[in-house]
Structures are given as C-alpha cells and as structure tokens.
Amino acid sequence: MIADLKVQSDIGSVEQPTILIVDDEEMIVDLMISEIEQLGYNYMTAGNGKEALEVLNEHGHVIDVVLIDRKMPTMDGLETRYAYPKSYA
C-alpha cells in the first residue's frame with residue numbers, strides 16, 4: 001500500500017519530465033518537492049523502495065527520473081534498484 005503518494009496535477013506532460021522521489025524522511029522529500037516545483041517539473045513520491053516499485057508498476061510509463069535514498073526501511077535504494085524490471089533500468 002502506498003502510504004503517501006503525492007502527484008502533481010499534470011503528470012505525463014510532454015513538456016516537463018516526471019521525477020519519482022523515494023525517501024523515508026519527510027523533511028528531505030519536502031525540500032526536494034520545493035526545488036522540483038520551482039523548476040516546473042512533475043513529481044511523485046514514495047516512502048521506501050517497496051512503495052517505489054508499486055508506483056513504477058502503475059506509473060512507470062510517465063516517470064523519467066528516479067531519485068532514491070540509499071538507506072530506508074522495508075527496502076533500501078540498492079535493493080530497489082536491483083528489483084526494477086529491466087525495462088526501467
């Protein structure tokens with residue numbers, strides 16, 4: 001279950017890339033969102049690697065970049081990277 005999925009309204013916009021932010025620290029996520037919004041990019045968030053894989057399974061076709069923390073509960077960044085389907089790698 002995705003606990004805290006935040007999606008900007010125009011996901012999939014051709015003009016701007018969509019970034020998936022994966023971090024368990026809310027302060028870091030909020031900082032990254034602030035910067036990404038200033039640049040006008042679209043974003044989604046996930047609180048750990050397992051949630052990130054769920055987001056990628058559902059929205060992978062519109063995600064251009066994944067920014068992922070290396071150390072997180074449930075599934076860390078490296079575990080998540082190796083769990084990606086080959087088409088996302």
Side-chain angles (χ1 to χ4, degrees):
M1 177 179 184
I2 299 171
D4 189 24
L5 175 63
K6 298 176 185 172
V7 180
Q8 189 170 332
S9 61
D10 57 349
I11 295 298
S13 167
V14 175
E15 293 85 27
Q16 296 297 337
T18 298
I19 300 170
L20 173 58
I21 303 165
V22 187
D23 202 304
D24 60 318
E25 295 184 44
E26 191 172 335
M27 183 180 77
I28 300 296
V29 172
D30 290 344
L31 177 64
M32 293 175 83
I33 287 172
S34 176
E35 295 296 320
I36 288 169
E37 285 180 331
Q38 286 182 16
L39 294 169
Y41 297 156
N42 302 310
Y43 67 88
M44 296 181 179
T45 67
N48 60 54
K50 184 177 178 194
E51 289 179 5
L53 292 176
E54 292 175 19
V55 172
L56 284 166
N57 284 332
E58 188 171 340
H59 302 286
H61 62 285
V62 297
I63 295 172
D64 300 296
V65 176
V66 178
L67 300 176
I68 189 165
D69 187 11
R70 188 169 186 282
K71 292 186 178 186
M72 295 179 290
T74 310
M75 181 182 278
D76 69 26
L78 289 177
E79 291 173 316
T80 305
R81 164 59 187 97
Y82 291 114
Y84 279 176
K86 295 235 184 246
S87 61
Y88 295 123

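Numbers here are sequence positions counted from 1.
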Novice: Once you round to the nearest 0.5 Å, how far does CD of E25 lie from CG of L31?
Specialist: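 Here the interatomic distance stands at 11.5 Å.
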Novice: Please test T18 against H59 for side chain to side chain contact (heavy atoms under 4.5 Å, CB included), starting from the C-alpha separation and ending with a verdict.
Specialist: CA-CA 10 Å; T18 298; H59 302 286; over 6 Å; no
Novice: Taking all heavy atoms of V22 and all of G49, pick out the closest pair and write down the distance.
Specialist: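 Heavy atoms of V22 and G49 come nearest at CG1-N, 4.2 Å.
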Novice: For residues Y82 and M75: do they belong to one hydrophobic cluster (side chain heavy atoms under 4.5 Å, members Ile, Leu, Val, Met, Phe, Trp, Tyr)?
Specialist: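 No.
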Novice: Which atom names give the shortest non-hydrogen contact between A52 and T80, and what distance separates them?
Specialist: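 Minimum heavy-atom contact is CB-CG2, 4.3 Å.
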Novice: Are any of the side-chain heavy atoms of L39 and Q16 separated by less than 4.5 Å?
Specialist: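 Not in contact.
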Novice: Rounded at 0.5 Å granularity, tell me how far NE2 in H61 sits from CG in L56.
Specialist: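 Between H61 NE2 and L56 CG, I get 11.5 Å after rounding to 0.5 Å.
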Novice: Name all residues meeting the side-chain contact (heavy atoms from CB on, under 4.5 Å) criterion together with M32; count only those two or more places apart in sequence or in a different chain, and write none if there are none.
Specialist: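 M32: side-chain contact (heavy atoms from CB on, under 4.5 Å) contacts with I21, I28, L67.
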Novice: Taking all non-hydrogen atoms of both residues into account, name the closest pair between E51 and N48 and its distance.
Specialist: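 Heavy atoms of E51 and N48 come nearest at N-OD1, 2.9 Å.
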Novice: Please give me the minimum heavy-atom distance between K71 and D24, naming the atom from each residue.
Specialist: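 Looking at all heavy atoms of both residues, the closest pair is O-OD1, 3.7 Å.
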Novice: Taking all atoms of both residues into account, what is the closest heavy-atom pair of A83 and L53, and its distance?
Specialist: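 What the structure gives for the nearest pair is CB-CD1, 3.6 Å.
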Novice: Of all residues at least two apart in sequence or in a different chain, which pass the side-chain contact (heavy atoms from CB on, under 4.5 Å) check with L78?
Specialist: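 L78 satisfies side-chain contact (heavy atoms from CB on, under 4.5 Å) with R70, D76 only.
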Novice: If you take all heavy atoms of A46 and V55, which pair is closest and at what distance?
Specialist: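 In this case the closest contact between A46 and V55 is CB-CG2, 4.4 Å.
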Novice: Under the side chain to side chain contact (heavy atoms under 4.5 Å, CB included) criterion, do I19 and N42 qualify, and how do the steps go?
Specialist: CA-CA 6 Å; I19 300 170; N42 302 310; over 6 Å; no
Novice: Is Y41 reachable from V65 through a run of hydrophobic residues whose side-chain heavy atoms are each under 4.5 Å from the next?
Specialist: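 Shared cluster, yes.
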